[in-house]
Peer 1: 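Below: one structure in structure tokens.
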Amino acid sequence: MTAAFSVFALDGLPEVGAGDDLAALILQAADETTLQDGDILVVTSKVVSKAEGRFVAAATRDDAITAETVRVVASKEHPGGVTRIVENRQGLVLAAAGVDSSNTQEGYVLLLPEDPDASARSLCSALRASGPRVGVIISDTLGRAWRLGQTDVAIGAAGVRVLEDLRGSTDAGGRVLEATIVALGDQLAGAAELVKGKAAGRPVAVIRGLGHLVTGLDAPGAHAIIRPADEDLFREGAAEAYARGYRDAVEGAPGGPA
């Protein structure tokens, strides 16, 4: 385990557009800092989506959110409208399905990469072909239940270990760890956001000193971090839970449906 690492953002990336070679732009921006074997690049999902042309026409952002929603987990009305927490097509549970309307052409919204892990593999492969053996994390900003504020997490990954399963090992006191799995991908994404910032125009950060986490391109991507449905204690939203409880009560009542 490394005792120290460093994180720095890349300056000089231009505005990214559909069809741009993102790997080439990153390598050009990194020219003065020179990427090294073992570096981990954390790339904001928005620039990946822009390069992949994930713009869609939508009358309203709500229309796009509905189109990208697989399952509504929760919704809440407030003075500014309605906030929806949903599961989107990528299997992520987050607000507004990850649909972004900021810095886009009027009448268009930006969707998340269609397959963030595939996007990360493609980018990582291109970077490795032209430079050192690096890993890639694609990050997005999420809120957390029961916690204020937002943080960046890994939604795509390639060439980097995203989970560390410590179950079966022992702590400093010799006690066996039974449930500890470390979300390395999310920790890397959060660390990178400290130097990227939300409005600084620096969508790529480099984490140096954690080369032991860099792997082959066949390692599991960030999708491995998503909790399986059968282990999700909060799988049902409030409306779903209410409907199921009501249905069970009606069916179990005397004279109810058999």
Side-chain angles (χ1 to χ4, degrees), residues 9-10 12-29 40-70 84-127 134-143 150-160 162 185-186 188-190 192-193 196-206 221-223 225-226:
L10 294 183
L13 261 80
E15 179 65 25
V16 175
D20 283 351
D21 186 338
L22 187 55
L25 294 177
I26 290 173
L27 289 170
Q28 182 178 355
I40 299 170
L41 280 73
V42 181
V43 184
T44 302
S45 62
K46 177 172 256 187
V47 296
V48 177
S49 291
K50 285 184 174 181
E52 294 180 352
R54 293 284 286 160
F55 295 96
V56 296
T60 68
R61 182 169 179 247
D62 282 344
D63 291 340
I65 294 170
T66 299
E68 290 299 299
T69 295
V70 172
R84 284 185 282 171
I85 307 298
V86 307
E87 178 184 346
N88 68 5
R89 296 177 185 273
Q90 291 82 359
L92 299 165
V93 175
L94 71 175
V99 175
D100 193 347
S101 58
S102 61
N103 297 315
T104 60
Q105 181 181 346
E106 186 69 27
Y108 287 81
V109 296
L110 187 66
L111 309 181
L112 291 176
E114 185 173 359
D115 184 340
D117 282 334
S119 298
R121 283 193 300 273
S122 177
L123 179 58
C124 191
S125 179
L127 290 169
V134 299
V136 169
I137 295 282
I138 295 177
S139 66
D140 195 38
T141 304
L142 272 67
Q150 298 175 311
T151 187
D152 269 28
V153 302
I155 66 167
V160 60
V162 296
D186 289 348
L188 293 168
E193 181 57 23
K196 287 192 297 180
K198 294 298 180 193
R202 298 189 297 185
V204 180
V206 179
H223 196 270
I225 303 175
I226 297 175

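Given the structure is predicted, the values throughout are model-derived calculations rather than measurements.
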Peer 1: Please test Val160 against Val136 for side chain to side chain contact (heavy atoms under 4.5 Å, CB included), starting from the C-alpha separation and ending with a verdict.
Peer 2: CA-CA 7 Å; Val160 60; Val136 169; over 6 Å; no
Peer 1: Distance check, rounded to the nearest 0.5 Å: Ile155 atom CD1 versus Thr141 atom OG1?
Peer 2: 9.5 Å
Peer 1: To the nearest 0.5 Å, what is the distance between CG on Leu10 and CG on Leu25?
Peer 2: 11.5 Å
Peer 1: Roughly how far, to the nearest 0.5 Å, is the CG atom of Asp140 from the NZ atom of Lys46?
Peer 2: 10.0 Å
Peer 1: Pair Glu193, Thr151 - check side chain to side chain contact (heavy atoms under 4.5 Å, CB included), show working.
Peer 2: CA-CA 8 Å; Glu193 181 57 23; Thr151 187; over 6 Å; no
Peer 1: Could you tell me whether a side-chain N or O of Arg54 sits under 3.5 Å from a main-chain N or O of Leu112, the two making a donor and an acceptor?
Peer 2: yes
Peer 1: Side chains of Thr60 and Asp63, heavy atoms from C-beta outward: is any pair under 4.5 Å?
Peer 2: yes
Peer 1: Residues in side-chain contact (heavy atoms from CB on, under 4.5 Å) with Ala95, at least two apart?
Peer 2: Ile85
Peer 1: Drop me the distance from Leu142's CG to Leu94's CG, to the nearest 0.5 angstrom.
Peer 2: 5.0 Å
Peer 1: Report yes or no: do Ser119 and Glu52 form a side-chain donor-acceptor pair below 3.5 Å?
Peer 2: yes
Peer 1: Would you say Ser125's side chain and Ser122's backbone share a donor-acceptor pair under 3.5 angstrom?
Peer 2: no
Peer 1: Is it true that a side-chain atom of Ser139 and a backbone atom of Val153 form a donor plus acceptor pair closer than 3.5 Å?
Peer 2: no
Peer 1: What is the minimum heavy-atom distance between Ala23 and Ala126, and which atoms define it?
Peer 2: CB-CB, 3.6 Å
Peer 1: Without swapping roles, check the side chain of Arg61 against the backbone of Val99 for a donor-acceptor pair under 3.5 Å.
Peer 2: yes
Peer 1: Please lay out, stage by stage, how Leu111 and Arg89 fare under the test side chain to side chain contact (heavy atoms under 4.5 Å, CB included).
Peer 2: CA-CA 10 Å; Leu111 309 181; Arg89 296 177 185 273; over 6 Å; no
Peer 1: Measure across Cys124 and Val134 and return the closest heavy-atom pair with its distance rounded to 0.1 Å.
Peer 2: SG-O, 3.2 Å
Peer 1: Rounded at 0.5 Å granularity, tell me how far OG in Ser45 sits from CG in Asp152.
Peer 2: 8.0 Å
Peer 1: For a quick test of reading the model, state the closest non-hydrogen atom pair linking Ala97 to Ile65 and the distance between them.
Peer 2: CB-O, 4.1 Å
Peer 1: May I ask you to decide if Ser102's main-chain N or O and Asp100's side chain share a donor-acceptor pair within less than 3.5 Å?
Peer 2: yes
Peer 1: Look up atom OG1 in Thr69 and atom CG in Asn88, then write down how far apart they are to the nearest 0.5 Å.
Peer 2: 7.5 Å
Peer 1: Can you give me the closest heavy-atom contact between Ala205 and Ala192, atom names plus distance?
Peer 2: CB-CB, 3.8 Å
Peer 1: Do Leu13 and Val47 pass the side chain to side chain contact (heavy atoms under 4.5 Å, CB included) test, and can you show the C-alpha distance, the side-chain angles, and the key distance before you say yes or no?
Peer 2: CA-CA 10 Å; Leu13 261 80; Val47 296; 5.8 Å; no
Peer 1: If every non-hydrogen atom of Gly91 is compared with every non-hydrogen atom of Ile226, which pair is closest and at what distance?
Peer 2: O-CD1, 3.6 Å
Peer 1: For Pro116 versus Ile138, what's the shortest heavy-atom pair and its separation?
Peer 2: O-CD1, 3.4 Å
Peer 1: So does Asp62 get a backbone contact from the side chain of Arg84, meaning a donor-acceptor N/O pair under 3.5 Å?
Peer 2: yes
